[in-house]
Amino acid sequence: MRQAMAQAEVGDDDYGEDPTVNELQRLAAQLLGMEEALFVPTSTMANLIAVMCHCQRRGAQLLVGREAHLHVFEQGGVAQVAGVHSQVLQDLPDGTLDLDELETTVRAGCGSRYHPRSVLICLENTHSSAGGRVLPLAYLREVRLLADRYRLRIHMDGARLMNAAVAQGVAPAQIAQHCDSISLCFSKGLGAPAGALVAGCREFVAEAWRIRKLLGGGMRQAGVLAAAARVGLERMEETLQRDHGNARRFAQGACRRLGAWPAHLLRRPLGCGDQHGAGDGGCALAVP
């Protein structure tokens, strides 16, 4: 990875002239099944950019889990910077939201002159505060149907999206297809020193570029970082399979020493008789 960084061909990314960044964005968009992608410094910025693209009216409302990273660990940027109201919902133990509660909350604001207007649903996959749980594909389909019914958009905080894809044995695009936008972090499981991206349709990414500039995220010779990110993408299957195996062995060893199987160390596989059903690639052991 360091060798790739040292040998990276670079240009001025703020003018769209860095060939290494451009190639990374092309490859990532293709991998995610999105029209375009935009390289940014951090996932926190990627999530904020997505919220600002979707919620352009001040006071717009996003629906998000109470323990979601975007809500708890990102300095309340959607309120501080974007003027967006967060309606928090209780996360279930598997990292999902209760769909009945979600729909009830959406319907409460429909046609009301008093409630904020719901615009965006934010999901997190894998869900860090739920122990790294992978969201079942059937659940994502149900959220997509609900969002379409009420003309809402979906953004996925996919900082650890590749962990979810490898754990479920599916292409990342099979997960991303249920979302209007998605973020991806290169400095977590993929092992790069820095960098993230946000992806969506062409019009979304054009607006995302403007907001990245507003937030101070425009970079010059960013190909040095993009080269590391590309190595992480190319090696993700091997790297994450190894990491998941190591995490599983560590959890099993810790549980044996404790003489029990505490839920916070080793989660029950998803999709095995849960509310969203099996056979959708959800039977994946959680990886913190």
_Just to verify, what does His54 make a ring-ring contact (aromatic ring centres under 6.0 Å, His included) with, not counting sequence neighbours?_
Phe204
*Does the pair Arg230/Glu234 count as a salt bridge with the N-to-O cut at 4.0 Å?*
yes
*Would you indicate whether the side-chain heavy atoms of Pro193 and Met5 approach each other to under 4.5 Å?*
yes
*If you group Ile, Leu, Val, Met, Phe, Trp and Tyr by side-chain heavy-atom gaps below 4.5 Å, do Phe39 and Leu161 land in one group?*
yes
*Do Met219 and Ile49 belong together in a cluster built from hydrophobic side chains that touch within less than 4.5 Å?*
no
*Above 12 or not: heavy atoms from other molecules or residues under 6.0 Å from CD of Glu35?*
yes
*With a cut-off of 6.0 Å (strictly less than), are more than 12 heavy atoms of other residues, nucleotides or ligands near CD of Glu9?*
no
_For the student: nearest non-hydrogen atoms of Gly95 and His127, plus distance_ = O-CD2, 3.3 Å
*Near Gln90 CD, under 6.0 Å, is it more than 12 heavy atoms from other residues, nucleotides or ligands?*
yes
*Could you tell me whether Arg107 atom CZ has more than 12 heavy atoms of other residues or ligands within 6.0 Å of it?*
no
*Under the side chain to side chain contact (heavy atoms under 4.5 Å, CB included) rule, what do Leu27 and Leu31 come out as? Steps first, then yes or no, please.*
CA-CA 6 Å; Leu27 290 173; Leu31 189 66; over 6 Å; no
*Carefully, step by step, assess Leu233 and Phe186 under the rule side chain to side chain contact (heavy atoms under 4.5 Å, CB included).*
CA-CA 8 Å; Leu233 275 184; Phe186 293 114; 3.8 Å; yes
*asked:* For Ala164 versus Val134, what's the shortest heavy-atom pair and its separation?
replied: CB-CG1, 3.9 Å
*Determine whether Ser128 and Arg160 make a side-chain contact, defined as any pair of heavy atoms from C-beta on separated by less than 4.5 Å.*
yes
*Can you tell if the side chain of Leu62 reaches within under 4.5 Å of the side chain of Val64, non-hydrogen atoms only?*
yes
*Closest heavy-atom contact between Ala199 and Ala37?*
CB-CB, 3.9 Å
*Taking a hydrophobic cluster as the set of Ile, Leu, Val, Met, Phe, Trp and Tyr residues connected by side-chain heavy atoms closer than 4.5 Å, whether directly or through intermediates, do Met45 and Leu184 fall within one such cluster?*
no
_Please give me the minimum heavy-atom distance between Asp157 and Ser183, naming the atom from each residue._
CA-OG, 3.5 Å
*Of the non-hydrogen atoms in Asp91 and Arg66, which two are nearest, and what is the gap between them?*
OD2-N, 2.9 Å
*Answer whether the closest heavy-atom distance between the side chains of Leu63 and Ser118 falls below 4.5 Å.*
yes
*Treating Ile, Leu, Val, Met, Phe, Trp and Tyr as nodes and any side-chain heavy-atom pair under 4.5 angstrom as an edge, say whether Tyr150 and Leu140 lie in one connected cluster.*
yes
*asked:* What I'd like to find out is whether the side chain of Gln241 reaches to under 4.5 Å of the side chain of Glu238, using heavy atoms alone.
replied: no
_Using the rule given for side chain to side chain contact (heavy atoms under 4.5 Å, CB included), can you reason through Ile175 versus Leu135, listing the C-alpha separation, both sets of side-chain angles and the distance that settles it, and then say yes or no?_
CA-CA 9 Å; Ile175 300 174; Leu135 301 186; over 6 Å; no
*asked:* Is there a path of hydrophobic side-chain contacts, each under 4.5 Å between heavy atoms of I/L/V/M/F/W/Y residues, joining Leu152 to Val78?
replied: no
*Kindly indicate whether the side chain of Tyr139, heavy atoms from C-beta on, has any atom under 4.5 Å from the side chain of Leu123.*
yes
_Less than 4.5 Å apart, side chain to side chain, heavy atoms only: is that true for Ile182 and Asn125?_
no
_Here's a test for you: under side chain to side chain contact (heavy atoms under 4.5 Å, CB included), which of Met156, Arg144, Met34, His155 qualifies with Asp180?_
Arg144
*Arg149 atom CZ: more than 12 heavy-atom contacts under 6.0 Å*: yes
*Give the C-alpha distance, both sets of side-chain angles, the deciding distance and a yes or no for side chain to side chain contact (heavy atoms under 4.5 Å, CB included) between Leu48 and Gln75.*
CA-CA 11 Å; Leu48 180 56; Gln75 286 285 329; over 6 Å; no
*asked:* Arg2: which residues meet the salt bridge (Lys or Arg N to Asp or Glu O under 4.0 Å) condition with it, sequence neighbours left out?
replied: none
*Does some side-chain heavy atom of Val119 sit less than 4.5 Å from a side-chain heavy atom of Arg57?*
no
